[in-house]
Amino acid sequence: MSNAPTPMMVQYLALKAEAPDCLLFYRMGDFFELFFEDAKAASAVLDIALTARGEHDGARVPMCGVPVHAADAYLARLIKAGHRVAIAEQVESPAQAKTRGGSKALVARAIVRVVTAGTLTEDVLLDAKKANWLVALFEKDEETGLAAADVSTGVFELCTLTPAEVETAVARYGPSEVLRAPPRAAVRAAPAPAFAAAQVVERDMATFDAARGEARLKALHGVATLDGFGAFSSAELAAAAGLLAYLDHAGKGKLPFLGPPVRRVESAHMAIDAATRESLELTQAVGGGRRGSLLDCIDRTVTGAGARLLAADLSAPLTSREEIDLRLDLVAYWADDAAAREGLRATLRSLPDVARALARLSAGRGGPRDLGALRDGLARAWHLRETLAGATDAPKLLERLLPPLGGHGALIDKLTRALVAEPPVDADDGGYIAAGYDAALDDLRDAGGVGRRELAALEARYKAATGIAALKIRHNGVLGYHIEVPARAADPLMALGSGFTHRQTLAGVVRFAAPELHDVALKITQAGTHALAAEAAHLEELTALALASAAAISATAAALARLDVASANAQGAVEHDWRRPAIVDRRCFDVRGGRHPVVEAAAAQGGSRFVANDCALDEDDRLWLVTGPNMGGKSTFLRQNALIAVLAQAGCFVPAEEATLGLVDRLFSRVGASDNLARGRSTFMVEMVETAAILAQATERSFVILDEVGRGTSTYDGLAIAWAVIEAVHEVNRCRCLFATHYHELTRLAETLPALSLHHVRAREYKGELVLLHELARGAADRSYGIAVARLAGLPPTVLQRAKAVLAKLEAGRAATGGLAAGLDDLPLFSALIAEPVQDPLRTALDAIQPDRLSPREALDALYALKAIER
Ligand SMILES: Nc1ncnc2c1ncn2[C@@H]1O[C@H](COP(=O)(O)OP(=O)(O)OP(=O)(O)O)[C@@H](O)[C@H]1O
């Protein structure tokens with residue numbers, strides 16, 4: 001007895017070796033089977049039975065399987081759970097295998113595709129309202145090339161970053177997969193950033209080859225030079241090469257549609273790091289979903305493409321006043337004209353997802369319905385252009401959007417003639433090419449139709465001849481067309497010379513063949529097969545025709561998405577009485593009657609009213625220290641202003657009566673103490689890491705909100721850190737900043753920092769009850785109301801009484817000693833520290849050395865001298 005693996009196992013293991021980091025879906029008939037560890041992992045995720053089959057190396061082989069027809073749903077769950085899946089299909093029929101290698105030959109199989117989170121195009125695997133980014137990073141010491149593609153729509157972007165910008169840029173995309181070469185030991189000892197929610201895939205360094213990237217892009221777009229698209233750095237081209245190589249790997253050489261590369265300049269967008277995005281809940285709420293996010297709250301788009309573009313806008317607010325004003329002009333245009341807006345939105349509502357249909361067709365996974373989507377989408381775009389072109393005072397952006405809306409006349413015409421009104425998703429059963437498009441196809445269908453009529457006639461004849469009223473002509477995959485009669489009536493047909501040949505006996509019925517039936521059936525199946533082949537040929541030709549203008553179609557889809565976003569934002573602005581912000585170059589931030597859109601919506605649902613508040617930062621009053629009771633609305637005030645900055649620069653109207661906003665280059669938010677144990681850091685550590693990032697990166701043009709910095713540690717440490725951070729923000733960063741705190745002592749900073757002012761959220765005690773007014777006023781809060789809030793929260797009366805007694809003691813102590821901040825009066829000014837940089841003897845000695853003037857001996861001596869300098 002040998003333990004040699006079976007031929008099938010040999011084949012399986014060879015395929016598995018080609019995709020060691022994937023689960024292997026191994027096609028066997030109507031199932032994809034998984035074996036060994038793959039089976040264990042998949043059965044756990046999918047909650048399906050784990051069985052065993054045969055033996056390998058003396059042990060049973062764990063196995064589980066999913067039916068091919070339902071594979072997409074299972075794939076979706078596996079991908080979501082963080083797996084990649086390699087699909088091994090049968091690439092020849094059993095008949096072909098027999099001809100090739102005799103009756104025992106194994107059907108040849110090959111991996112036809114690797115399904116990964118970042119390379120999906122199927123509707124069922126994608127969220128219609130969310131872009132699906134794949135990002136590749138080529139990291140060198142000084143600069144990083146980033147390539148980003150959404151292969152579900154063909155958008156492809158490149159940019160060059162400094163190492164410090166990488167995390168923020170990746171956070172802007174929020175990719176599902178990040179590709180990178182394994183870090184070289186020599187590059188940086190710093191831990192690689194974790195890129196929230198993305199799967200990080202390590203790829204061979206050799207795939208990041210700039211020359212190859214350039215050659216691929218040229219070939220892809222049929223150009224001799226990339227200059228027409230922009231000037232790309234070698235790091236960008238290397239990243240592009242890495243990304244394209246991965247797409248080749250995933251599609252097994254079949255590249256999805258990619259538009260021409262667009263060069264992104266980092267400074268063209270407001271920089272928002274991952275922590276800030278998370279805390280402001282721009283596109284995702286804290287829980288992870290879209291619900292409760294700013295995006296969810298403001299989204300009035302009516303198409304998937306519009307929803308994706310709005311998410312992209314909010315993720316990457318602009319920093320160019322002209323660009324922002326272009327978008328705002330368009331929103332204003334439709335905000336002012338309800339009839340035009342509603343007409344436009346009604347047309348948009350019925351649009352299919354052109355970009356995604358195009359991407360599927362391009363990836364070779366498209367079907368008749370996708371061609372139908374192009375036909376309908378392009379036709380409606382054409383119609384929209386006709387409608388919109390008439391306007392007299394059209395804003396500039398609208399004029400820019402009109403040309404790409406039209407121009408597909410020949411394609412629309414051809415698709416309209418070729419396709420039925422509602423083409424099916426799959427081509428397998430045919431029936432999608434319209435009658436009258438191809439005379440030969442019509443003939444084949446006629447032949448099939450004639451055949452089917454003959455069948456009916458034959459059935460009637462058989463019934464009459466046999467006298468069996470229940471006789472039926474049926475069809476199935478195994479027997480083809482056959483005659484079926486109830487078992488009890490079958491005897492006469494079984495008789496020799498009856499003209500019927502017995503084929504099968506089942507519990508209640510017996511099935512027969514007959515010569516005439518055979519002839520008619522042959523006619524029908526042959527006509528059917530030929531008709532299917534003719535339709536498939538048309539599908540191929542029409543797909544090729546559409547793909548020939550892929551770039552133009554993609555531009556049409558982008559224009560439609562922009563129309564949707566602008567008219568949707570106008571709709572939202574009208575519904576909620578939002579106003580157009582004035583964007584200026586001064587470093588001001590002047591919001592009258594500002595509101596927090598998400599909290600306001602929640603308040604409205606609960607039947608209460610949101611209290612609007614002003615925020616008026618300016619060059620000489622740029623740091624507001626906000627105090628006041630818990631639950632008073634400090635965090636809400638801070639966040640609403642950060643959100644207003646994002647909305648305005650994304651080109652949306654804002655929740656305020658009036659807003660004049662100076663451009664913000666970077667936005668930082670350090671709000672609340674959220675635990676980040678998953679990343680192995682304590683609450684306080686996270687708070688300090690984020691604060692450090694702000695102090696290192698905020699510029700004079702930045703906008704920073706800091707909420708209770710220092711809260712996560714002991715009172716003295718916390719106060720001291722908060723104190724020093726405020727001084728640094730005021731003196732060094734000089735950015736616009738809102739700082740909320742419970743440390744009343746910090747209000748003393750107003751005496752030394754001229755551009756800092758004090759504010760508080762108002763509260764009142766009325767008949768022993770605390771009333772929170774949620775209203776911002778000048779000056780510091782008079783007291784903290786902590787115990788009153790605790791009472792609101794339902795702390796037991798005994799505990800409250802005790803707390804009051806302790807507080808009275810503490811306050812008496814404070815009065816006697818001068819309190820927590822006693823002794824700070826003679827603290828030297830922070831600005832004095834900045835003026836006198838700390839002397840570093842090592843740096844001084846190093847600066848004194850002039851390497852070119854040293855002999856080797858002197859150089860060695862200098863090195864010893866440096867080593868000897870004490871820290
Ligand atoms: N302007 C407002 N109008 C109406 N309700 C508000 C307003 N601001 C805040 N609120 C309500 O008060 C609640 C508490 O607000 P918020 O968290 O901003 O208070 P806070 O002062 O930061 O509290 P803490 O100091 O405990 O963190 C909010 O969840 C909201 O329901």
Side-chain angles (χ1 to χ4, degrees), residues 278-281 285-287 291-294 297 576-578 591-616 624-644 654-657 659 669-675 683-684 686-687 690 704-713 715 718-719 722 737-747 758-765 769-795 803:
E278 224 170 274
S279 86
L280 290 178
E281 304 179 283
V286 167
R291 265 191 93 82
S293 66
L294 175 69
C297 173
H576 299 299
D577 192 20
W578 288 15
V591 175
R592 299 292 143 114
R595 283 119 56 204
H596 188 302
V598 183
V599 177
E600 183 179 30
Q605 277 203 338
S608 58
R609 212 175 60 81
F610 189 88
V611 182
N613 278 305
D614 300 347
C615 176
W624 278 20
L625 195 66
V626 184
T627 51
N630 299 90
M631 288 299 285
K634 299 183 295 298
S635 304
T636 306
F637 176 71
L638 263 53
R639 284 161 187 262
Q640 83 189 25
N641 287 298
L643 296 182
I644 285 172
V654 296
E657 283 159 30
S669 161
R670 165 90 267 290
V671 173
S674 64
D675 264 301
T683 307
F684 182 65
V686 172
E687 182 179 326
E690 291 174 10
V704 175
I705 61 172
L706 290 164
D707 197 359
E708 302 196 27
V709 164
R711 183 173 67 166
T713 187
T715 310
L719 172 60
C737 174
L738 301 174
F739 193 108
T741 185
H742 284 289
Y743 291 124
H744 202 259
E745 294 75 10
L746 290 175
T747 55
L758 303 177
H759 304 263
H760 68 281
V761 284
R762 294 184 57 211
R764 226 182 265 150
E765 267 193 280
E769 289 288 327
L770 179 71
V771 184
L772 297 168
L773 301 174
H774 301 305
E775 195 183 293
L776 204 77
R778 279 224 160 239
D782 50 352
R783 38 178 295 211
S784 58
Y785 300 100
I787 292 181
V789 174
R791 207 173 92 155
L792 273 185
L795 230 58

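Atoms within a ligand are numbered from 1 in the order they appear, just like the ligands themselves.
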* Asked: Can a non-hydrogen atom of G628 be found less than 4.0 Å from any atom of ligand 1?
  -> no
* To do: Quick one: closest heavy-atom pair of G633 and V761, and the distance?
  => C-CG1, 4.1 Å
* So do the side chains of L776 and D614 get within less than 4.5 Å of each other, counting heavy atoms only? -> no
* Which bit of R609 is near ligand 1, meaning a heavy atom under 4.0 Å away: side chain, backbone, both or neither? -> backbone
Show the atom names and distances, to 0.1 Å, of all donor-acceptor pairs under 3.5 Å that link a side chain in residues 602-612 to residues at least two apart or in another chain.
unit_1, atom_1, unit_2, atom_2, d
S608, OG, A603, O, 3.4

* Check each atom of ligand 1 against the heavy atoms of P629 and keep those under 4.0 Å away; list them by number with element. => 21 (O)
* Where is the nearest protein heavy atom to atom 22 (O) of ligand 1: which residue, which atom, and how far? -> S635 OG, 2.7 Å
* Asked: Of the protein's non-hydrogen atoms, which lies at the shortest distance from atom 13 (C) of ligand 1, and what is that distance?
  -> M631 CE, 3.7 Å
* Which of the atoms in ligand 1, numbered in the order shown and given with their element, are less than 4.0 Å from a heavy-atom of G632? -> 19 (O), 20 (P), 21 (O)
* Asked: Who's closest to atom 9 (C) of ligand 1 heavy-atom-wise, of V761, T636, L773?
  -> T636
* Asked: Which residue owns the protein heavy atom closest to atom 3 (N) of ligand 1, what's the atom, and how far is it?
  -> V611 N, 2.8 Å
* Would you mind telling me if ligand 1 is within reach of the side chain of E708, the backbone, both or neither, using heavy atoms under 4.0 Å? => side chain
* **Protein contact to atom 2 (C) of ligand 1 [nearest heavy atom, distance to 0.1 Å]** => H774 CB, 3.3 Å
* **G633: numbered ligand 1 atoms lying under 4.0 Å from its heavy atoms** => 8 (N), 9 (C), 15 (O), 16 (P), 18 (O), 19 (O), 20 (P), 21 (O)
* Structure fact -> Nearest heavy-atom contact between R595 and H576 is NH2-O, 3.0 Å
* **Audit row: Q640, N613, side chain to side chain contact (heavy atoms under 4.5 Å, CB included) steps and yes/no** => CA-CA 10 Å; Q640 83 189 25; N613 278 305; 4.2 Å; yes
* Which protein heavy atom lies closest to atom 31 (O) of ligand 1, and at what distance to 0.1 Å? -> V599 CG1, 4.3 Å
* Asked: For K634 and ligand 1, does the shortest N/O to N/O distance drop below 3.5 Å?
  -> yes
* Nearest protein heavy atom to atom 18 (O) of ligand 1: under 4.0 Å? -> yes
* Minimum heavy-atom distance between E281 and V286, given as atom pair plus value -> OE2-N, 2.7 Å
* Proximal atoms of ligand 1 relative to F610 (non-hydrogen, under 4.0 Å) -> 1 (N), 2 (C), 3 (N), 4 (C), 7 (C)
* Taking the non-hydrogen atoms of H742, is any one of them nearer than 4.0 angstrom to ligand 1? -> yes
* Structure fact -> Between K634 and V626 the two heavy atoms that sit nearest each other are CD-O, 3.8 Å
* Between the main-chain N or O of G779 and the side-chain N or O of H759, is there a donor-acceptor pair closer than 3.5 Å? -> no
* List in chain and number order the residues that pass ring pair (Phe, Tyr, Trp, His ring centres under 6.0 Å) with H596, two or more places apart in sequence or in another chain; answer none if no residue qualifies. => none
* A603, portion touching ligand 1 at heavy-atom distance under 4.0 Å -> neither
* Would you confirm whether T627, through its side chain, and H744, through its main-chain N or O, come within 3.5 Å as a donor-acceptor pair? => no
